[in-house]
S.K.: 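Structure incoming, see below.
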Amino acid sequence: MIEFERVSKRFGDFLAVDELSLRLADGEFTVLIGRSGSGKSTTLKMINRLVPHDSGRILFAGKEINHFREEDLRRRMGYAIQSIGLFPHRTVAQNIATVPALLKWPKARIAGRVDELLHLLGLDPAAFASRYPHQLSGGQQQRVGVARALAADPEVLLMDEPFGALDPVTRSALQAEIARIHQVSGKAIVLVTHDIDEALLLADRIVMLDRGRVVQDGTPRQILLEPASDAVTRFVGRTEVGLKLLGLDQVHSRMRAATAGPAPGVSRTATLREALSLLIANHAEQLPVVDEHGQTVGSIHVADLLDVAA
Ligand SMILES: Nc1ncnc2c1ncn2[C@@H]1O[C@H](COP(=O)(O)OP(=O)(O)OP(=O)(O)O)[C@@H](O)[C@H]1O
């Protein structure tokens, strides 16, 4: 769907992106990660031509991006950024409606879409649609930013540190929201972050950059278990690899059929890492596993988790 062929970008003498080749598949959740200044944002912004590339080719749907009309490209690619960039003198609804209005959608269709997106992002339209950005918390503004990026139903969602500067609880809620949107929409998402835990949580595929080059390109599991260099190992963190591995799988993957005692149930869709926290907090060797109706469906055991983390 998006392909980089030996793409480079210079700012003056500085080579920010160095002969980058990369192929991003349809429907894939790709996370670009790396240290500050490694070229992540530049790479992302070259996809929608916010930053023009100097050499090489970037293909979208098989066609060099320079051959698209700029407005077509922007319509087909939603873009959400950390600093949000909401228009201060336009309401939440007007902000979300930006691209549909440019596309001259009928008013009723726009209103329906705004409503749908506010619901999707957990904002009650009655309470939020007519507010102005300054009347929202930072987390609510970020949600509106994501809703705006999704408004015209783009084929690709480009996100540059969209959850930066949020408190951990809001951040975690928005991450879950994006994971859900990805699951239900099947859209390709490219997200830039420097947070390895965020990358491990969300990505189908992690592309780690350093000095404008790819240092590793793989699944979260590959990044954890087969780091391509010491630099990757340092970035992932030498410690806690076991715990991070536990964060990649859900409880049902390690559940035993036999049910266990009355202690608090662990959701079958919780991560193994969350299960371990609960086991430790309850001083329990095993806990019951419950489904979405609260029915006990099996048990999870400390010993089985230690196997995964070893
Ligand atoms: N418009 C610009 N003019 C000059 N240099 C730039 C410009 N944009 C980016 N750079 C430089 O290019 C390099 C890569 O920047 P980029 O924003 O892509 O990094 P990043 O990996 O996203 O970093 P961060 O995590 O800090 O946002 C940096 O050294 C940066 O200073």
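All residue numbers in this chain count up from 1 along the given sequence.
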S.K.: Looking at OG of S253 and CD1 of I300, how far apart are the two atoms once the value is rounded to the nearest 0.5 Å?
M.R.: 7.0 Å
S.K.: Contact between L22 and T30 at the side-chain level, heavy atoms closer than 4.5 Å - yes or no?
M.R.: no
S.K.: Can L59 be reached from M1 by stepping across I, L, V, M, F, W or Y side chains whose heavy atoms are under 4.5 Å apart?
M.R.: no
S.K.: Applying the 4.5 Å side-chain criterion to the ILVMFWY set and letting contacts propagate, would M77 and L102 be lumped into a single cluster?
M.R.: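 M77 does not cluster with L102.
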S.K.: Checking salt bridge (Lys or Arg N to Asp or Glu O under 4.0 Å) for the pair E71/R74: CA distance, chi angles, key distance, verdict?
M.R.: CA-CA 5 Å; E71 58 267 39; R74 302 277 158 79; over 6 Å; no
S.K.: Is atom CD of E292 surrounded by more than 12 heavy atoms (other residues, nucleotides or ligands) closer than 6.0 Å?
M.R.: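 Yes - once you tally the heavy atoms of other residues, nucleotides and ligands closer than 6.0 Å, there are more than 12.
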S.K.: Sub-3.5 Å donor-acceptor pair from the side chain of H89 to the main-chain atoms of Y132, do we have one?
M.R.: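 Answer holds: no.
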S.K.: Report yes or no: do F87 and L136 belong to one cluster of Ile/Leu/Val/Met/Phe/Trp/Tyr joined by side chain heavy-atom distances under 4.5 Å?
M.R.: no
S.K.: Quick one, P52 and K9 - any side-chain contact, counting heavy atoms below 4.5 Å?
M.R.: yes
S.K.: Answer yes or no: is there a side-chain heavy-atom contact under 4.5 Å between V7 and T43?
M.R.: no
S.K.: To the closest 0.5 Å, what do you measure between CG (L121) and CG (L174)?
M.R.: 7.0 Å
S.K.: Should we count CZ of R131 as having more than 12 external heavy atoms under 6.0 Å?
M.R.: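 Counting neighbours around CZ of R131, more than 12 heavy atoms of other residues, nucleotides or ligands fall under 6.0 Å, so yes.
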S.K.: If we only count heavy atoms from C-beta on, is the L201 to D197 side-chain gap below 4.5 Å?
M.R.: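 Contact flag for L201/D197 side chains = no.
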S.K.: Taking the inter-plane angle between the rings of F60 and F68 on a 0 to 90° scale, is it parallel (under 30°), tilted (30 to 60°) or perpendicular (over 60°)?
M.R.: tilted
S.K.: Tell me if a side-chain donor or acceptor on R180 pairs with a main-chain N or O of L120 at a distance below 3.5 Å.
M.R.: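 Side chain of R180 to backbone of L120, a donor-acceptor pair under 3.5 Å: yes, one is there.
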S.K.: Write down the atom of D115, the atom of P125, and the distance for their closest heavy-atom approach.
M.R.: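 The pair with the smallest heavy-atom distance is OD1-CB, 3.3 Å.
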S.K.: To check you understand the geometry: which heavy-atom pair defines the closest contact between A147 and L117, and what is its length?
M.R.: O-CD1, 3.5 Å
S.K.: In this structure, are over 12 heavy atoms from other groups packed under 6.0 Å from Q135 atom CD?
M.R.: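 Yes - once you tally the heavy atoms of other residues, nucleotides and ligands closer than 6.0 Å, there are more than 12.
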S.K.: Among E28, E5, E3, exactly one meets salt bridge (Lys or Arg N to Asp or Glu O under 4.0 Å) together with R23. Which residue is that?
M.R.: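 Exactly one option meets the salt bridge (Lys or Arg N to Asp or Glu O under 4.0 Å) with R23, and it is E3.
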S.K.: Which pair of non-hydrogen atoms, one from L191 and one from F163, has the smallest distance, and what is that distance?
M.R.: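 Looks like CD1-CE1, 4.0 Å.
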S.K.: Give a yes or no on whether the backbone of R35 and the side-chain of S38 come within a donor-acceptor separation of less than 3.5 Å.
M.R.: yes
S.K.: Can you check whether V207's main-chain N or O pairs, donor with acceptor, with D217's side chain at less than 3.5 Å?
M.R.: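 Not confirmed, D217 side chain does not pair with V207 backbone.
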S.K.: With a 3.5 Å cut-off and no angle check, do the side chains of H252 and Q250 form a donor-acceptor pair?
M.R.: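 There is such a pair between these side chains.
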S.K.: Is E64 salt-bridged to R57, going by a charged N under 4.0 Å from an acidic O?
M.R.: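 Looking at R57 together with E64, the answer is no, because their closest N to O distance does not fall below 4.0 Å.
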S.K.: Apply side-chain contact (heavy atoms from CB on, under 4.5 Å) to the pair F4 and M46, showing each step before the final yes or no.
M.R.: CA-CA 10 Å; F4 284 72; M46 288 193 298; 4.1 Å; yes
S.K.: Less than 4.5 Å apart, any side-chain heavy atom of P133 and any of V144?
M.R.: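 A side-chain contact is absent here, since even the closest heavy-atom pair is not under 4.5 Å.
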S.K.: Kindly determine whether R171 and E198 satisfy salt bridge (Lys or Arg N to Asp or Glu O under 4.0 Å), including the steps that lead there.
M.R.: CA-CA 10 Å; R171 188 180 177 101; E198 182 163 288; 3.1 Å; yes
S.K.: Between Q216 and M208, is there a donor-acceptor pair closer than 3.5 Å when you use the side chain of the first and the backbone of the second?
M.R.: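 No; judged by distance alone, with no hydrogens or angles, the pair does not exist.
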S.K.: So which atom in S299 and which in V289 form the shortest heavy-atom distance, rounded to 0.1 Å?
M.R.: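 Shortest heavy-atom separation between S299 and V289 comes out as C-CG2, 3.7 Å.
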S.K.: Stepwise, does the side-chain contact (heavy atoms from CB on, under 4.5 Å) test hold for V215 with F235?
M.R.: CA-CA 11 Å; V215 287; F235 196 91; over 6 Å; no
S.K.: Please report the closest heavy-atom contact between L200 and P220, naming both atoms and the distance.
M.R.: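 The answer is CD2-CB, 3.8 Å.
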S.K.: Rounded to the nearest 0.5 Å, what separation is found between the CG atom of L276 and the CG atom of D304?
M.R.: 11.5 Å
S.K.: Linking I/L/V/M/F/W/Y whenever any side-chain heavy atoms sit under 4.5 Å apart, do L150 and L103 land together?
M.R.: yes
S.K.: Give a yes or no on whether the backbone of A152 and the side-chain of R113 come within a donor-acceptor separation of less than 3.5 Å.
M.R.: no
S.K.: Taking atom CZ of R90 as the centre, does the number of heavy atoms from other residues, nucleotides or ligands within less than 6.0 Å exceed 12?
M.R.: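 It does: R90 CZ has more than 12 such atoms within range.
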S.K.: With rounding to the nearest 0.5 angstrom, report the CD1 to NZ distance, I178 to K187.
M.R.: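 Answer for the CD1-NZ pair, I178 versus K187, is 11.5 Å.
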S.K.: Backbone N or O of R213 within a donor-acceptor pair of the D18 side chain at under 3.5 Å?
M.R.: no
S.K.: According to a 4.5 Å side-chain heavy-atom criterion applied to Ile, Leu, Val, Met, Phe, Trp and Tyr, with indirect links allowed, do L287 and V290 form part of one hydrophobic cluster?
M.R.: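 In one cluster with L287: V290, no.
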S.K.: With D249 as reference, evaluate K244, R221, R268 under the salt bridge (Lys or Arg N to Asp or Glu O under 4.0 Å) test and give the passing residue.
M.R.: R221
S.K.: Using only heavy-atom distances, determine whether the side chains of E161 and H194 contain a donor-acceptor pair under 3.5 Å.
M.R.: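 On atom types as modelled, these side chains qualify, holding a pair under 3.5 Å.
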S.K.: The test is side-chain contact (heavy atoms from CB on, under 4.5 Å); show your working for I96 and F128 and say whether it passes.
M.R.: CA-CA 12 Å; I96 296 175; F128 289 98; over 6 Å; no
S.K.: For the CZ atom of R205 and the CG atom of L32, what is their distance to the nearest 0.5 Å?
M.R.: 9.5 Å
S.K.: Would you confirm whether D160, through its side chain, and V192, through its main-chain N or O, come within 3.5 Å as a donor-acceptor pair?
M.R.: no
S.K.: Is the shortest heavy-atom distance from the side chain of V214 to the side chain of L209 under 4.5 Å?
M.R.: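 They are in side-chain contact.
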S.K.: Report yes if some heavy atom in the side chain of I47 is under 4.5 Å from a heavy atom in the side chain of I65; otherwise report no.
M.R.: no
S.K.: Are the side chains of E177 and V146 in contact, using a 4.5 Å heavy-atom criterion?
M.R.: no
S.K.: For the residue pair P288 and P264, what are the closest heavy atoms and their distance?
M.R.: CD-O, 3.9 Å
S.K.: Using atom types as modelled and distance alone, determine if a side-chain donor or acceptor of S8 lies under 3.5 Å from a backbone N or O of E19.
M.R.: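 Yes; at least one donor-acceptor contact below 3.5 Å.
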S.K.: Can you tell me how far apart CD1 (I110) and CH2 (W105) are? Round to the nearest 0.5 Å.
M.R.: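 Reported to 0.5 Å precision, the distance equals 7.5 Å.
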